[in-house]
Amino acid sequence: SLFLALVLALMAFVPVTANGDDGTTAKAMRFREDGSFRILHLTDLHKRHKNDYNDVHTVLLRRLAQTQDVDLVVITGDIAMDGPLNEILENIDDIMTAFADYDIPVAVTFGNHDSEKGLISREDLMAVYNSYPNSISVDEGDLLPGCGTYTVPILSSKNDKLAFNLWVIDSGDYDDEGHYGFVKPEQINWYVNKSNALKAQNGGKPVPSLLFQHIIVPEIYDALIEKPFWVPTSVKRIYYDNRYYVLNPANTKAGMMDEYPCPPYYNSGQFEAVVRQNDVMAMFFGHDHTNTFIVEHRGVDLVASPKCDFSGTFGKNYGARIIDLNEADTSTYSTYTIPLSSLFTFADLSPLKLAA
């Protein structure tokens with residue numbers, strides 16, 4: 001198609017390092033004059049070939065852009081990966097223009113499904129996203145494994161001082177044995193070194209941060225309570241037989257666990273590094289579609305954001321997550337989920353409505 005040919009042509013002119021001055025830093029954001037900053041976290045859009053649900057999905061993404069007054073969208077993987085290449089590119093166009101039309105910046109990293117079919121590499125996918133004017137995503141090139149591991153600085157409303165930091169991490173797809181992917185040692189070393197550098201620039205104090213990636217860390221099961229299989233709310237632990245878990249009321253701040261969390265089988269030490277660095281307040285994950293919990297573990301919130309896919313929305317927790325920051329107190333944050341069903345009316349299924 002003409003659209004496919006145009007996108008592929010544009011990709012040839014997108015630099016490997018899209019926005020960063022060091023290859024791993026995105027274009028800086030800024031707190032508003034009133035000190036606020038709002039993030040829309042989307043994950044697992046699983047945007048598919050053209051059908052009625054796909055069209056409604058696009059309408060609802062635009063509705064999020066219109067109604068939520070956000071400063072930044074962070075998308076953490078499994079975004080648009082089904083169908084032939086031209087449909088993948090068209091679905092990416094639906095997603096990016098939904099926010100570009102409202103001048104909302106978008107930062108992207110990838111999940112286990114984005115490039116698993118071999119139709120297009122992560123690097124070429126990132127070039128597609130970076131062909132849109134509102135993309136602040138970074139392809140760090142050969143510096144690190146994967147594609148889409150970088151920081152998003154948030155500057156003070158008053159000057160150009162770094163006031164807050166967002167870590168965006170490519171958590172991989174699968175290991176050599178077919179288990180879910182993990183953050184590699186090179187990425188962990190990069191995080192530690194950059195965290196230390198930011199700390200030094202901040203007068204020896206850790207820069208308050210949030211972290212976004214697709215696959216949750218293995219330590220989530222340390223934060224849960226093991227129960228017998230017959231407990232109604234228990235979920236079976238992935239990779240282990242006959243071990244079942246429930247949320248721990250003592251450390252669960254909000255949300256639900258409707259399916260078992262799916263971390264990697266191999267623990268590369270990412271969470272231990274985060275705890276040691278003491279800069280990340282919360283880690284935000286996708287991957288586990290119906291989970292919405294916020295669980296505190298060793299001083300770090302492990303936050304599950306729901307699948308943002310309209311298909312199958314009713315009766316599920318599918319939707320988006322809002323995260324609010326305040327420059328007056330960067331030691332905390334607030335968050336809540338928005339079910340897609342709350343944005344939807346059956347009038348949206350009307351062909352005339354969709355055409356409009």
Side-chain angles (χ1 to χ4, degrees), residues 1-29 39-50 54-55 57-59 61-62 64-65 70-111 113-144 146-153 166 168-170 173 212 214 308:
S1 69
L2 179 61
F3 174 77
L4 174 60
L6 178 61
V7 170
L8 293 176
L10 285 172
M11 284 167 55
F13 298 97
V14 177
V16 170
T17 301
N19 297 292
D21 56 0
D22 63 354
T24 60
T25 303
K27 175 184 176 182
M29 301 289 99
I39 302 165
L40 177 67
H41 181 207
L42 306 179
T43 189
D44 297 85
L45 281 77
H46 287 248
K47 203 150 173 34
R48 295 179 172 86
H49 57 279
K50 296 295 182 182
N54 192 60
D55 290 338
H57 195 181
T58 302
V59 169
L61 289 178
R62 288 184 168 274
L64 284 168
V70 301
D71 299 288
L72 174 67
V73 178
V74 180
I75 309 179
T76 52
D78 289 5
I79 306 167
M81 67 284 177
D82 287 341
L85 182 57
N86 67 303
E87 289 184 357
I88 291 173
L89 297 178
E90 288 167 2
N91 285 325
I92 291 174
D93 186 65
D94 286 342
I95 294 165
M96 293 301 292
T97 56
F99 300 103
D101 286 350
Y102 299 92
D103 297 320
I104 301 173
V106 176
V108 167
T109 192
F110 299 117
H113 288 312
D114 289 282
S115 57
E116 70 178 347
K117 293 186 178 179
L119 294 175
I120 183 170
S121 70
R122 275 163 137 72
E123 289 74 18
D124 285 345
L125 274 173
M126 188 62 85
V128 174
Y129 286 104
N130 282 337
S131 69
Y132 290 87
N134 60 326
S135 175
I136 64 165
S137 305
V138 173
D139 176 352
E140 73 283 16
D142 295 331
L143 290 174
L144 296 169
C147 182
T149 295
Y150 54 97
T151 61
V152 181
L166 305 179
V168 183
I169 310 287
D170 180 358
D173 46 19
F212 295 84
H214 185 70
C308 187

So [Y] and [X], do their side chains get closer than 4.5 Å, heavy atoms only?
{"X": "Leu61", "Y": "His57", "result": "yes"}
{"X": "Leu72", "Y": "Leu166", "result": "yes"}
{"X": "Arg62", "Y": "Thr97", "result": "yes"}
{"X": "Ile92", "Y": "Leu125", "result": "yes"}

List the atom of [X], the atom of [Y], and the distance in Å for their closest heavy-atom pair.
{"X": "Ile95", "Y": "Ala80", "result": "CD1-CB, 4.4 Å"}
{"X": "Arg122", "Y": "Gly111", "result": "NH2-O, 2.7 Å"}
{"X": "Tyr150", "Y": "Ala26", "result": "CD1-CB, 3.9 Å"}
{"X": "Cys147", "Y": "Asp170", "result": "N-OD2, 2.7 Å"}
{"X": "Met29", "Y": "Val152", "result": "CG-CG1, 3.8 Å"}
{"X": "Ser121", "Y": "Ser115", "result": "C-CB, 4.3 Å"}

Hey, does the side chain of [X] reach the backbone of [Y] with a donor-acceptor pair shorter than 3.5 angstrom?
{"X": "Asp114", "Y": "Asp78", "answer": "yes"}
{"X": "His113", "Y": "Asp44", "answer": "no"}
{"X": "Thr24", "Y": "Glu140", "answer": "no"}
{"X": "Ser137", "Y": "Val108", "answer": "yes"}
{"X": "Thr109", "Y": "Gly148", "answer": "yes"}

Looking at [atom1] of [X] and [atom2] of [Y], how far apart are the two atoms once the value is rounded to the nearest 0.5 Å?
{"X": "Leu42", "Y": "Phe99", "atom1": "CG", "atom2": "CZ", "value": "5.0 Å"}
{"X": "Glu87", "Y": "Lys47", "atom1": "CD", "atom2": "NZ", "value": "11.0 Å"}
{"X": "Glu123", "Y": "Asp142", "atom1": "CD", "atom2": "CG", "value": "8.5 Å"}
{"X": "Thr149", "Y": "Leu143", "atom1": "OG1", "atom2": "CG", "value": "10.5 Å"}
{"X": "Leu45", "Y": "Asn91", "atom1": "CG", "atom2": "CG", "value": "10.0 Å"}
{"X": "Ile79", "Y": "Tyr129", "atom1": "CD1", "atom2": "OH", "value": "3.5 Å"}

Parallel, tilted or perpendicular: ring planes of Phe212 versus His41, cut at 30 and 60 degrees: perpendicular
Side chain to side chain contact (heavy atoms under 4.5 Å, CB included) partner of Ile104, the single match among Val70, Leu64, Asn134: Val70
Option among Asn86, Leu85, Asp93 that satisfies the side chain to side chain contact (heavy atoms under 4.5 Å, CB included) test with Leu89: Leu85
Under 3.5 Å side-chain donor-acceptor pair for Ser135 and Asn130: yes
